[in-house]
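For reference, the structure is listed below as structure tokens.
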Amino acid sequence: MLQWSLLGTLVWSPGSVLLILVLLRLSVRLWHESYLWDLRQCSTDLTGKTAVVTGANSGIGKAVCQELARRGARVILACRNWERGQKALAEIQVASKGTCLLLGQVDLSSMASIRSFARWLLQKYPEIHLLVNNAAISGALQQAGSARVVNVSSFRHAHGYVDEKHLTGAGKPLTLTQSYDCSKLLLTSFTGELARRLQGTGVTVNSVDPGVVYTEIMKPYPWLYRFLFWLFSFFCKDVKQGAIPVLYLSLAKELDGVSGKYFSSSCMITLPTEAAQDPQVAQSLWNASVQLTNLDKMD
């Protein structure tokens, strides 16, 4: 009995628990990497190319910018917060040794801000070769001749639903989780419709689920949810691993000409939920978005 008590004390001592957690984290990391596309085997050079990445000041967006800059791309970081964007840009420059990084300020919840950013961008760089999670400058993409749009979706889109009233802030109130799920469903549906409309232009559009990644995504949530997410983080991808599916869609040569697809977190083409595949829903959402943004009245 005494032996079992001593063994239990040894196993559940703080040092032992810490060791178990570290080993668990390493095991999960190796498991994730075994199912991911090997970025080191990709030889794509982006010298002379221009890439725009939204949400670039942290998390997956920041990791994507770092890799694109490392490969020689001119990278525009589209950020809402100027100070955080400047900090991220400096850190990316040091980590990637990139020499052509620019910061653009844009609030994606404001159409006026989006239009201002798009005008600035198009005047400065009329040809854009890669757009990650941004859909306001397709003209510049077509000017580039061959370009890619990568929309970062989520497996959570399967839990969302479509209500066009939400586009105007009306409809049934949504929780933070519901807002996230529904927005990812709309983005996945939008991807298919945009791909259809850009057929034959040389611009491809795809969406991807990066998987469960430990980022600042839980920042708006109450402390209990953040704490539980931290505990769960031992089973999550880190931001570099989460960026790999996005980089696969951005860089992989075998995806030339592939458009309108949804990719899983293991970089495989898979089918999104039925609502995201419904062409009538996609067209209706497109038409509603065009009206709300006055896109049909723009030159």
Side-chain angles (χ1 to χ4, degrees), residues 37 42 44 46 48-54 64 68 73 76 78 108 111 114-115 118 121-122 125-154 157-158 160 162 164 167 183-210 245-264 267-299:
W37 174 62
C42 178
T44 300
L46 297 178
K49 305 292 186 181
T50 299
V52 180
V53 182
T54 63
V64 168
L68 298 179
I76 292 95
L108 295 178
M111 283 306 305
I114 292 171
R115 289 195 178 103
L121 187 62
L122 294 177
Y125 300 107
E127 293 186 5
I128 294 170
H129 304 87
L130 176 63
L131 189 61
V132 177
N133 203 28
N134 190 319
I137 46 178
S138 61
L141 289 161
Q142 293 179 48
Q143 289 291 331
S146 177
R148 297 185 184 189
V149 177
V150 179
N151 288 325
V152 182
S153 184
S154 169
H157 83 275
V162 177
E164 291 183 14
L167 296 174
S183 68
K184 292 304 183 183
L185 173 59
L186 296 180
L187 181 62
T188 307
S189 176
F190 170 85
T191 298
E193 182 64 14
L194 183 60
R196 186 182 69 80
R197 291 173 179 269
L198 291 177
Q199 281 182 345
T201 65
V203 181
T204 61
V205 191
N206 294 293
S207 60
V208 61
D209 166 30
V246 182
L247 289 166
Y248 175 64
L249 267 65
S250 303
L251 302 172
K253 294 179 180 179
E254 62 265 30
L255 295 185
D256 285 347
V258 176
S259 191
K261 304 300 181 183
Y262 174 78
F263 288 75
S264 70
C267 304
M268 301 291 291
I269 294 177
T270 187
L271 291 176
T273 188
E274 288 186 9
Q277 299 179 63
D278 190 324
Q280 292 184 333
V281 169
Q283 188 165 359
S284 178
L285 287 171
W286 177 276
N287 293 337
S289 299
V290 166
Q291 291 177 358
L292 289 169
T293 59
N294 293 319
L295 195 62
D296 54 339
K297 299 177 183 178
M298 295 177 67
D299 293 333

Which atom names give the shortest non-hydrogen contact between [X] and [Y], and what distance separates them?
| X | Y | value |
| --- | --- | --- |
| D209 | S154 | OD1-CA, 3.6 Å |
| P245 | V208 | CB-CG2, 3.6 Å |
| A147 | I128 | CB-O, 3.6 Å |

With sequence neighbours excluded, residues passing side-chain hydrogen bond (donor to acceptor under 3.5 Å, both in side chains) with [X]:
| X | answer |
| --- | --- |
| T191 | N151 |
| Q199 | none |
| T188 | S153 |
| T204 | none |

Check your understanding: Is a side-chain donor or acceptor of N206 paired with a backbone partner of Y262 at a separation under 3.5 angstrom?
Key ->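 Pair absent, no side-chain N/O of N206 close to backbone of Y262.
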Check your understanding: What residue pairs, at least two apart or across chains, pass salt bridge (Lys or Arg N to Asp or Glu O under 4.0 Å) with a residue in residues 184-198?
Key ->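 Checked against salt bridge (Lys or Arg N to Asp or Glu O under 4.0 Å) - neighbours excluded - the pairs reaching residues 184-198 are E193-R196, E193-R197.
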Review point. How about L68 and L251: do any of their side-chain heavy atoms sit closer than 4.5 Å?
Key: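 Side chain of L68 against side chain of L251, heavy atoms only: contact under 4.5 Å found.
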Point to revise | Heavy-atom side-chain proximity of S207 to L187 below 4.5 angstrom | key: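 They are not in side-chain contact.
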Check your understanding: Passes side-chain contact (heavy atoms from CB on, under 4.5 Å), L255 versus R148? Steps please.
Key -> CA-CA 10 Å; L255 295 185; R148 297 185 184 189; 4.0 Å; yes
For residues 267-281, which side-chain donor-acceptor pairs fall under 3.5 Å, sequence neighbours excluded?
residue	atom	partner	partner atom	Å
Q277	NE2	P272	O	2.7
D278	OD1	Q280	N	2.9
D278	OD1	V281	N	3.3

Review point. Which of these passes side-chain contact (heavy atoms from CB on, under 4.5 Å) with V150: L131, V53, V64, V246?
Key: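 Testing each of L131, V53, V64, V246 against V150, the sole residue satisfying side-chain contact (heavy atoms from CB on, under 4.5 Å) is V246.
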Spacing of [X] atom [atom1] and [Y] atom [atom2] [to the nearest 0.5 Å]:
| X | Y | atom1 | atom2 | answer |
| --- | --- | --- | --- | --- |
| T44 | K253 | OG1 | NZ | 5.0 Å |
| S289 | E164 | OG | CD | 8.0 Å |
| L249 | K261 | CG | NZ | 12.5 Å |
| S189 | L285 | OG | CG | 5.0 Å |
| I114 | L121 | CD1 | CG | 13.0 Å |
| D256 | S146 | CG | OG | 6.0 Å |

Check your understanding: Considering residues at least two apart in sequence or located in another chain, which fulfil the side-chain contact (heavy atoms from CB on, under 4.5 Å) criterion with A195?
Key ->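 With neighbours one apart ignored, the set is V205, S259.
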Exercise for review: Can you sort out the partners of F263 under ring pair (Phe, Tyr, Trp, His ring centres under 6.0 Å), two or more places apart, ordered by chain and number?
Suggested key: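 Checked F263 against ring pair (Phe, Tyr, Trp, His ring centres under 6.0 Å); zero matches.
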